[in-house]
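The structure appears below as C-alpha cells.
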Amino acid sequence: EMATKIDKEACREAYNLVRDDNTDVNWASFVYDGSTIVPGGQGTEYEEFKNQCTDDARLFGFVRITTGDAMSKRAKFTLITWIGENVSGLQRAKISTDKTLVKDIVQNFAKEFMVSDRRELEEAYIRAELKKAGGANYDAQVEHSYDCFFSTVC
C-alpha cells in the first residue's frame, strides 16, 4: 500500500479559485488518482459538488457558503470529508492521515465536516452549522489564517 501524495500546485490552484472573490467558483473537490490526491472538479453550484459524493467515493471538498442577509453577506468556508458507504475499511482508515495533506493547502475554513450520510450534505444543514460557528472564530485554524488579516472574506 503506497503512501498517499498530493499534487500541491494543482490543488492550491483549485483552493485559491474558491477563495477568490472575483471568481464564481464556489467549490472544489480533491479526489484520489491512485495514491495521489488531485483536484476532482470545481463549480458554482453546491448540488454539483454533492453529486460527486457517491457511495463508492472518498473525497475532500472545499466549499464557499454565503451567509448573512442582503445587508451583510459573508463568505464562509468549510472543509468536507466525504466517505461513501462502500469505501473499504483500509481506505477509510487512511482518510484522517490523508486529510493532513489536504489541510496543508486548505487552511482557511470556519468548520469542517466528516460525512458518510447524504442527509448531512444538505446545503441548509451545512449553512446552519456554519452560522453556529460564528464570526471570525477560527479556533484551531487561527495559526494558519495570516491571510485573514488582509482579506475581507474572513
Side-chain angles (χ1 to χ4, degrees), residues 1-66 75-123 125-127 129-130 133 136-154:
E1 190 58 17
M2 287 175 58
T4 307
K5 297 191 302 290
I6 190 165
D7 182 337
K8 282 191 174 163
E9 288 314 303
C11 291
R12 187 169 286 123
E13 206 168 294
Y15 167 69
N16 285 330
L17 279 176
V18 179
R19 296 261 311 139
D20 187 345
D21 290 335
N22 302 312
T23 75
D24 51 8
V25 175
N26 284 325
W27 63 268
S29 64
F30 305 98
V31 301
Y32 290 83
D33 178 11
S35 60
T36 306
I37 297 171
V38 299
Q42 62 198 40
T44 56
E45 299 298 324
Y46 181 77
E47 287 301 312
E48 303 165 322
F49 166 69
K50 260 176 61 178
N51 291 341
Q52 296 202 334
C53 298
T54 61
D55 288 345
D56 298 313
R58 51 179 181 148
L59 58 83
F60 305 92
F62 179 60
V63 182
R64 168 195 288 255
I65 302 266
T66 306
K76 284 202 176 170
F77 299 92
T78 178
L79 176 63
I80 298 173
T81 303
W82 168 257
I83 307 169
E85 59 183 40
N86 299 342
V87 172
S88 75
L90 183 65
Q91 290 185 331
R92 221 169 259 272
K94 287 184 68 179
I95 285 274
S96 48
T97 329
D98 294 348
K99 186 164 61 172
T100 58
L101 296 171
V102 176
K103 281 181 162 180
D104 280 344
I105 289 153
V106 175
Q107 294 188 341
N108 207 298
F109 50 87
K111 193 174 172 71
E112 65 174 297
F113 298 87
M114 175 102 63
V115 185
S116 311
D117 180 341
R118 299 246 335 152
R119 287 168 302 193
E120 287 178 30
L121 278 178
E122 288 303 322
E123 189 171 7
Y125 171 77
I126 300 282
R127 182 183 301 277
E129 289 295 309
L130 280 175
N137 170 19
Y138 280 95
D139 299 334
Q141 280 77 45
V142 78
E143 66 267 27
H144 296 308
S145 302
Y146 300 121
D147 55 342
C148 276
F149 297 118
F150 310 104
S151 166
T152 53
V153 293
C154 300

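For the single chain, residues carry numbers from 1 onward in sequence order.
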Note, K5 side chain near I37 side chain (heavy atom, < 4.5 Å) = no

Taking the side chain from D20 and the backbone from N16, do they hold a donor-acceptor pair closer than 3.5 Å?
-> no

Please examine the side chains of V31 and V38, heavy atoms only from C-beta on, and report whether any two atoms are closer than 4.5 Å.
-> yes

Across all chains, not counting sequence neighbours, the salt bridge (Lys or Arg N to Asp or Glu O under 4.0 Å) partners of R118 are none

Does the side-chain hydrogen bond (donor to acceptor under 3.5 Å, both in side chains) test come out yes or no for D56 and N86, once each step is laid out?
-> CA-CA 5 Å; D56 298 313; N86 299 342; 2.8 Å; yes

Between the CD atom in E13 and the NZ atom in K8, the distance rounded to the nearest 0.5 Å is 15.5 Å

Residue pairs passing the ring-ring contact (aromatic ring centres under 6.0 Å, His included) test where at least one lies in residues 38-57, sequence neighbours excluded | W27-F49, Y46-F49

Got a second to check how far N108's CG is from K76's NZ, nearest 0.5 Å?
-> 12.5 Å

So among F77, F62, F60, F30, which one has a ring-ring contact (aromatic ring centres under 6.0 Å, His included) with Y15?
-> F62

CG/L90 to CD1/I95 distance, rounded to the nearest 0.5 angstrom?
-> 11.0 Å

Is it true that a side-chain atom of K111 and a backbone atom of L130 form a donor plus acceptor pair closer than 3.5 Å?
-> no

E120 vs Y125 side-chain heavy atoms within contact, under 4.5 Å | yes

Pairwise distance CZ(R58) to OG(S88) - rounded to 0.5 angstrom = 7.0 Å

Any donor-acceptor pair under 3.5 Å from R92 side chain to V87 backbone | yes

Are the side chain of Q52 and the backbone of E48 linked by a donor-acceptor contact shorter than 3.5 Å?
-> no

Flag the pair I126 / F113 as yes when at least one side-chain heavy-atom distance between them is below 4.5 Å, and no otherwise.
-> yes

Less than 4.5 Å apart, any side-chain heavy atom of T78 and any of E129?
-> no

Keeping the roles fixed (side chain from R64, backbone from V18), state whether a donor-acceptor pair exists under 3.5 Å.
-> yes

Sole candidate of T36, V102, D98, D104 that passes side chain to side chain contact (heavy atoms under 4.5 Å, CB included) when paired with I6 | V102

salt_bridge(E122, K50) N-O dist < 4.0 Å | yes

Under 3.5 Å: donor-acceptor pair, side chain of T23, backbone of L17 = yes

Show your reasoning for whether side-chain contact (heavy atoms from CB on, under 4.5 Å) applies to K99 and M114.
-> CA-CA 11 Å; K99 186 164 61 172; M114 175 102 63; 3.9 Å; yes

For the residue pair L121 and C53, what are the closest heavy atoms and their distance?
-> CD1-CB, 3.5 Å

Find the distance between OG1 (T81) and CD (E112) and round it off to the nearest 0.5 Å.
-> 6.0 Å

Side-chain contact test, heavy atoms from C-beta onward, threshold under 4.5 Å: evaluate it for I65 versus E123 and give yes or no.
-> yes

Output the distance between atom CG (N26) and atom CD (E45), rounded to the nearest 0.5 Å.
-> 7.5 Å

